[in-house]
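Everything on this sheet refers to the single structure shown next.
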Amino acid sequence: MKGIAYVRGDATAPQAKGVKIVAHVCNDLGGWGKGFVLAVSRRWSEPEAAYRRWHRERAKNDFGLGAAQFVQVEPYVWVANLIGQRGMRTGRSSGVPVRYEAIDAALGLLAHRAAELGASVHMPRIGCGLAGGSWARVEPLVLRRLVERGIPVTVYDFGA
């Protein structure tokens, strides 16, 4: 078992051969417009459109904390919209929106899809930007759910 590969770069331009899944954390409100999702939308339009449709039709699907949506954006590239954030941080907010148990559940779904596709997983430090989470709490989830299953994981630090 290898660990997580940490690199400087853009997670929306994954550096690997074969099938790749770019994973990121979304909120459970249907909001898309700040943070890493802007980079996703600059590169591909499909993940945002799929996420908004998924939220709009949530009465008839599995949209909610811990869910994952997989959107193919190129022949060998998928984007995983992982619902791991309750609401959004506002000026009046107390506490952080990250939900570690939801990220854990969504990572389990991601592991299953990555194994099915024979894919590597590429991500920023999920749940640690606008969601307000701690990488010290997210990293063990990534290790347990993905790395221990033999799924290659690269974490990108943009402009670091």
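If you're wondering where the values come from, they're calculated on a predicted model, not measured in any experiment.
The closest side-chain heavy-atom distance from Asn81 to Val79 is below 4.5 Å. A 4.5 Å side-chain heavy-atom check between Phe158 and Pro124 finds every atom pair outside the cut-off.
In this structure, the side-chain hydrogen bond (donor to acceptor under 3.5 Å, both in side chains) partners of Arg58, at least two apart in sequence or on a different chain, are His55. Residues passing the side chain to side chain contact (heavy atoms under 4.5 Å, CB included) test with Ala105, sequence neighbours excluded: none. Qualifying side chain to side chain contact (heavy atoms under 4.5 Å, CB included) partners for Gln72, counting only residues two or more places apart in sequence or in other chains: Trp78. Evaluation of the side-chain hydrogen bond (donor to acceptor under 3.5 Å, both in side chains) rule for Asn27 yields Tyr51 as partners, not counting sequence neighbours. Residues passing the salt bridge (Lys or Arg N to Asp or Glu O under 4.0 Å) test with Glu57: none are found, sequence neighbours excluded. Residues satisfying the side-chain hydrogen bond (donor to acceptor under 3.5 Å, both in side chains) criterion with Asp62, sequence neighbours excluded, are Trp54. Not counting sequence neighbours, the partners of Val155 by the side chain to side chain contact (heavy atoms under 4.5 Å, CB included) test are Ile4, Tyr6, Met123, Arg125, Trp135, Val153.
To the nearest 0.5 Å, atom CG of residue Leu65 and atom SG of residue Cys26 are 11.5 Å apart.
Following chains of ILVMFWY side-chain contacts shorter than 4.5 Å, one can reach Val22 starting from Val37, so the two form part of one hydrophobic cluster. In this structure, Val25 is a member of the same hydrophobic cluster as Leu146, with clusters built from ILVMFWY side-chain heavy atoms closer than 4.5 Å. Val77 and Leu117 are assigned to two separate hydrophobic clusters, defined by single-linkage of ILVMFWY side chains at heavy-atom distances under 4.5 Å. Cluster membership for Phe70 and Tyr76, using ILVMFWY side-chain heavy atoms within less than 4.5 angstrom, is shared.
Minimum interatomic distance between Ile83 and Gly64 (heavy atoms only, all atoms of both residues): CB-O, 3.2 Å. The two residues Gly84 and Ala102 have their closest heavy-atom pair at CA-CB, 3.9 Å. Nearest heavy atoms, Ala119 versus Pro152: O-CD, 4.2 Å. What you find for Ile151 and Ala111 is that their closest heavy atoms are CD1-O, 3.4 Å. In terms of heavy-atom proximity, Trp32 sits nearest to Val40 at CZ2-CG1, 4.0 Å. Gly66 and Leu109 get closest at one heavy-atom pair: O-CD1, 3.4 Å.
Here the side chain of Gln69 pairs a donor or acceptor atom with the backbone of Ala50 at under 3.5 angstrom. Listed for the Lys20 side chain is a donor-acceptor partner under 3.5 Å among the backbone atoms of Gly18.
A salt bridge (charged side-chain N to carboxylate O under 4.0 Å, His left out) check over residues 43-56, counting only residues at least two apart or in different chains, returns the pairs Asp10-Arg43, Glu48-Arg52. Sorted by first and then second residue, the salt bridge (charged side-chain N to carboxylate O under 4.0 Å, His left out) pairs with a member in residues 107-121 read Arg113-Glu116; sequence neighbours excluded. Note on residues 96-106: pairs passing salt bridge (charged side-chain N to carboxylate O under 4.0 Å, His left out), not counting sequence neighbours, are Asp104-Arg144, Asp104-Arg145. Counting only residues at least two apart or in different chains, ring pair (Phe, Tyr, Trp, His ring centres under 6.0 Å) contacts with residues 97-127 comprise His122-Tyr156.
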For side-chain contact (heavy atoms from CB on, under 4.5 Å), just list the numbers for Val98 and Ile103, CA-CA rounded to whole Å, side-chain angles, deciding distance to a tenth of an Å, and then say yes or no. CA-CA 8 Å; Val98 69; Ile103 290 175; 3.6 Å; yes
Determine whether Cys128 and Val138 satisfy the following criterion, side-chain contact (heavy atoms from CB on, under 4.5 Å), listing intermediate values before the conclusion. CA-CA 8 Å; Cys128 299; Val138 175; 4.2 Å; yes
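Considering Leu143, Leu141, Val121 in turn, Leu141 is the only one that fulfils the side-chain contact (heavy atoms from CB on, under 4.5 Å) rule with Leu107.
Using cut-offs of 30° and 60° for the angle between ring planes, the Phe36 and His24 rings count as tilted.
The hydrophobic cluster containing Leu38, built from Ile/Leu/Val/Met/Phe/Trp/Tyr side-chain heavy atoms closer than 4.5 Å, comprises no other residue.
A salt bridge between Asp157 and Arg8 is absent, with no side-chain N of the basic residue lying under 4.0 Å from a carboxylate O of the acidic one.
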